[in-house]
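Note: hydrogens, waters and symmetry copies are ignored here, and every other heavy atom, side chains too, is used. Predicted model only: the values in this text are computed from it and were never measured.
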Amino acid sequence: MRLALAAALVLAAAPAVAATGQNVFNDKCGDCHTVEPPSLTAPALRGVVGRKVASLSDFQYSDALKAKGGVWTEAALDAFLADPRTFAPGTTMAGGAPDPADRKAIIDYLKSVK
């Protein structure tokens with residue numbers, strides 16, 4: 001009985017985490033980014049975790065991000081969101097999320113939208 005209750009609580013908490021992450025994403029990123037294409041002012045972010053940096057063909061990335069290379073890992077996204085202009089000097093991204101809890105919520109949400 002306890003195991004079933006614990007499992008139910010864990011399953012019930014998962015959507016709340018995604019909803020919280022989605023709320024933080026909408027608040028911090030939603031003015032420019034969408035999850036689904038088209039995103040007119042910034043790249044759409046569905047599937048960004050694990051995707052090559054500056055790789056969507058329907059978005060014109062800054063030279064700074066094109067030169068950065070690599071893959072959007074959780075660590076790379078965390079560093080970029082903490083301070084985009086330090087991560088990729090010359091990037092055109094103006095926002096970010098200086099609070100570590102906000103970055104974690106955003107990244108967890110982005111991991112959930114594959």
Side-chain angles (χ1 to χ4, degrees):
M1 182 77 159
R2 286 185 190 173
L3 184 58
L5 179 59
L9 290 173
V10 168
L11 290 175
V17 170
T20 300
Q22 183 177 12
N23 292 342
V24 177
F25 173 85
N26 289 339
D27 181 51
K28 301 287 183 186
C29 314
D31 285 346
C32 299
H33 289 277
T34 63
V35 173
E36 299 295 337
S39 183
L40 302 177
T41 58
L45 296 178
R46 176 173 294 282
V48 70
V49 179
R51 182 167 73 204
K52 290 182 180 179
V53 173
S55 63
L56 294 180
S57 61
D58 64 347
F59 186 76
Q60 190 67 2
Y61 294 92
S62 66
D63 290 338
L65 276 182
K66 289 179 195 175
K68 187 71 178 175
V71 172
W72 286 121
T73 63
E74 291 178 49
L77 284 166
D78 186 67
F80 186 57
L81 290 171
D83 189 349
R85 299 196 177 182
T86 297
F87 179 84
T91 186
T92 56
M93 180 154 145
D99 182 272
D102 286 348
R103 291 195 308 272
K104 181 174 179 359
I106 292 166
I107 293 165
D108 286 348
Y109 171 65
L110 291 174
K111 288 181 351 187
S112 77
V113 290
K114 298 180 180 185

Checklist outcome for this item: Distance col, row F59:CZ vs L40:CG, nearest 0.5 angstrom, shows 10.0 Å

Item to check | L56 vs Y61, side chain to side chain contact (heavy atoms under 4.5 Å, CB included): CA-CA, chis, key distance, verdict | outcome: CA-CA 9 Å; L56 294 180; Y61 294 92; 3.2 Å; yes

Checklist entry - Who are the side-chain contact (heavy atoms from CB on, under 4.5 Å) partners of A67, not counting sequence neighbours? => result none

Next on the checklist: Whether the side chain of R51 engages the backbone of R46 through a donor-acceptor N/O pair (distance < 3.5 Å, no angle test) should be reported.
Outcome noted: yes

Next on the checklist: Show every salt bridge (Lys or Arg N to Asp or Glu O under 4.0 Å) that has at least one partner inside residues 67-95, sequence neighbours left out.
Outcome noted: E74-K111, D78-R103

Next on the checklist: Rounded at 0.5 Å granularity, tell me how far CG in L81 sits from CG in L110.
Outcome noted: 8.0 Å

Checklist outcome for this item: When rounded to the nearest 0.5 Å, the distance separating OG1 of T41 from NE2 of H33 is 7.5 Å

Checklist entry - Is the W72 ring parallel, tilted or perpendicular to the F80 ring (thresholds 30°, 60°)? => result tilted

Checklist outcome for this item: Note: A44 and P37 closest approach over all heavy atoms is CB-N, 3.7 Å

Checklist entry - Taking atom OG1 of T20 and atom CG of D102, what is their separation to the nearest 0.5 Å? => result 11.0 Å

Next on the checklist: For the CD atom on E36, are there more than 12 heavy atoms of other groups (residues, nucleotides or ligands in this structure) within a distance under 6.0 Å?
Outcome noted: yes

Checklist outcome for this item: The single option from I107, I106, D99 that satisfies side-chain contact (heavy atoms from CB on, under 4.5 Å) with V24 is I106

Checklist entry - Can L45 and V113 be said to form a side chain to side chain contact (heavy atoms under 4.5 Å, CB included), step by step? => result CA-CA 8 Å; L45 296 178; V113 290; over 6 Å; no

Item to check | Sequence-distant partners of K104, side-chain contact (heavy atoms from CB on, under 4.5 Å), two or more places apart | outcome: D108

